[in-house]
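Single-structure report; data block below.
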Number of protein chains: 2
Amino acid sequence: MATADDAPVRVSPALDADTSFLLARASALAATAGNRALSGLGLKVRSYSVLALAAEVGPSQRDLAERLRLDPSQVVALVDGLEERGLVERRLDPSDRRARIVVATPEGLALFARAREAIAGAQRETHAPLTEEEQVALGDLLRRLAYADLQ
Amino acid sequence: MATADDAPVRVSPALDADTSFLLARASALAATAGNRALSGLGLKVRSYSVLALAAEVGPSQRDLAERLRLDPSQVVALVDGLEERGLVERRLDPSDRRARIVVATPEGLALFARAREAIAGAQRETHAPLTEEEQVALGDLLRRLAYADLQ
DNA sequence: TTCAATCATTGACATTCTCAACGACCGGTG
DNA sequence: CACCGGTCGTTGAGAATGTCAATGATTGAA
């Protein structure tokens, strides 16, 4: 079985083989690159994820919190920020007057299109050490890990 | 080229294909599982990483901060916590009296051995959706991403 | 000997996470 | 119809974490 045993020590032997440690580091790198790519649009990866759902799904805030694994109170602040800029709006759910449906405005859709390109560019940069096939394989593996709890 | 286009929507089409988003979610899952596995030992993944370096490397606090990408002030607090429990100690660097070398005590080495097993168990749990070969492949890909800045 | 740079430390500050509470509203029961 | 446990969005507090500036002690080089 191939392991990291024959590889040079990068941080420490135990941590070099610890996937949670590697995931944390890779995630931090990707988040930094993503935030940098989005900074010119006044977004961060977190607000971008809310904008993406508003543009592509149109969920209630409750659904939004579950999908993004955020506390409902965090969703309030994030939607507030996007709504003040006219990027999303809260619509009443005709079937449940407690719920607020978050949908992107035309301005929000336009910014989302640009933000998605910016994120894609940052991803190409972050993934530069990998070949095309490896990038696809990584995405597949990560989806199976990250979405393991969905069915 | 294989993409996520033919896969069911999990969160949103854009986010399902966003590696930074998937990395963040997988990292959060792994960190939660790791913290749960370490909770009985009075450790978290962060303090565990410091203990691992103290046990396997014995670096200065400066070196420790660079390896773990932490602010030096965070290292102070983390080493304080471990030192108060008698798990590590600060030794003087004979070649530089400003530096403090962090090394694990016998108690720290013993706890590290148990913590490493606990982390391995959590990792097996987190990686359950993947085959053995896929787990190895994921570790390889993550190392190349996370350590891309080291040569 | 002098001086800029480095190390560990302290403290302040912003950001983020987590949790409890509340009014408004839902669905079901009597 | 009136009630009532549960849900949704919201507010606010507290903890945890990240980031940054300043300082005393020490280093290495001019």
Side-chain angles (χ1 to χ4, degrees), chain A residues 20-21 24-25 27-36 38-39 42-50 53-54 58-84 88-103, chain B residues 20-21 24-25 27-36 38-39 42-50 53-54 58-84 88-103:
Chain A
S20 74
F21 177 76
R25 175 169 298 222
S27 174
L29 281 175
T32 299
N35 282 328
R36 182 165 7 100
L38 292 173
S39 63
L43 292 173
K44 296 184 177 181
V45 289
R46 179 113 18 85
S47 48
Y48 165 74
S49 68
V50 174
L53 258 71
S60 69
Q61 292 187 201
R62 171 67 175 175
D63 188 11
L64 198 82
E66 284 182 2
R67 289 181 190 246
L68 298 181
R69 303 197 172 288
L70 295 174
D71 189 89
S73 60
Q74 294 179 276
V75 175
V76 171
L78 287 163
V79 173
D80 281 349
L82 295 175
E83 193 176 34
E84 286 171 6
V88 305
E89 60 183 24
R90 286 183 237 239
R91 292 189 185 162
L92 296 177
D93 184 342
S95 66
D96 188 342
R97 286 193 296 173
R98 293 169 302 179
R100 302 300 163 102
I101 306 231
V102 183
V103 288
Chain B
S20 74
F21 177 76
R25 175 169 298 221
S27 174
L29 281 175
T32 299
N35 283 328
R36 181 165 8 98
L38 292 173
S39 62
L43 292 173
K44 296 185 176 181
V45 289
R46 181 89 41 83
S47 47
Y48 165 74
S49 67
V50 174
L53 258 71
S60 70
Q61 293 188 199
R62 170 69 175 176
D63 188 11
L64 207 133
E66 285 181 1
R67 289 182 191 244
L68 298 180
R69 302 199 174 285
L70 295 174
D71 190 89
S73 61
Q74 295 179 277
V75 175
V76 171
L78 286 163
V79 173
D80 280 351
L82 295 176
E83 194 176 32
E84 287 170 5
V88 304
E89 60 182 25
R90 288 183 235 239
R91 292 191 186 160
L92 296 177
D93 184 342
S95 68
D96 187 343
R97 287 193 297 173
R98 293 169 302 179
R100 302 298 164 103
I101 307 245
V102 183
V103 287

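Just so it is clear: chains get the letters A, B, ... in the order the sequence lines come, proteins before strands, and each one is counted from 1.
When the P atom of C:dC25 is taken as reference, atom CZ of A:R62 falls 19 Å away, rounded to whole Å. Rounded to whole Å, atom P of C:dT16 lies 14 Å from atom CG of A:L68. For the pair A:Q61 CD and C:dC25 C1', the interatomic distance rounds to 15 Å; values are reported in whole Å. As rounded to whole Å, 9 Å separates atom P of C:dA8 from atom CG of B:L64. One interatomic measurement links the two molecules: CG of A:D93 to P of C:dG27, which rounds to 10 Å at whole-angstrom precision. The nearest whole Å value for the distance from the CG atom in A:L78 to the C1' atom in D:dG9 is 14 Å. We find that CG of A:D80 is positioned 12 Å from P of D:dG12, with the value rounded to whole Å.
Residues B:L82 and B:V102 form no side-chain contact, since every pair of their non-hydrogen atoms from C-beta on lies 4.5 Å or further apart. Considering only heavy atoms from C-beta on, B:R97 stays 4.5 Å or farther from B:L92 through its side chain.
A side chain to side chain contact (heavy atoms under 4.5 Å, CB included) with A:L43 holds for exactly one of A:L38, A:V50, A:N35; it is A:L38.
Of all nucleotides listed (D:dG9, C:dA8, C:dT9), C:dT9 comes nearest to the side chain of B:P72.
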Q: Summarise how protein sits on nucleotides 17-27 of chain D as a single string, 5' to 3': B when a protein heavy atom is under 4.0 Å from the base, S for sugar-phosphate-only contact, - for no contact.
A: SBBB----BBS
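Residue B:R100 has no polar side-chain atom (N or O) positioned under 4.0 Å from OP1 or OP2 of C:dT6. Note on B:R91: every side-chain N or O is 4.0 Å or more away from OP1 and OP2 of C:dA8.
Residue B:R67 holds its CZ atom at 10.0 Å from CZ of A:R25, rounded to the nearest 0.5 Å.
At distances below 3.5 Å, not a single donor-acceptor pair connects side-chain atoms of B:S27 with backbone N or O atoms of B:A24.
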Q: I would like to know whether B:L70 and B:R46 meet side-chain contact (heavy atoms from CB on, under 4.5 Å); could you show each step before the answer?
A: CA-CA 10 Å; B:L70 295 174; B:R46 181 89 41 83; 4.0 Å; yes
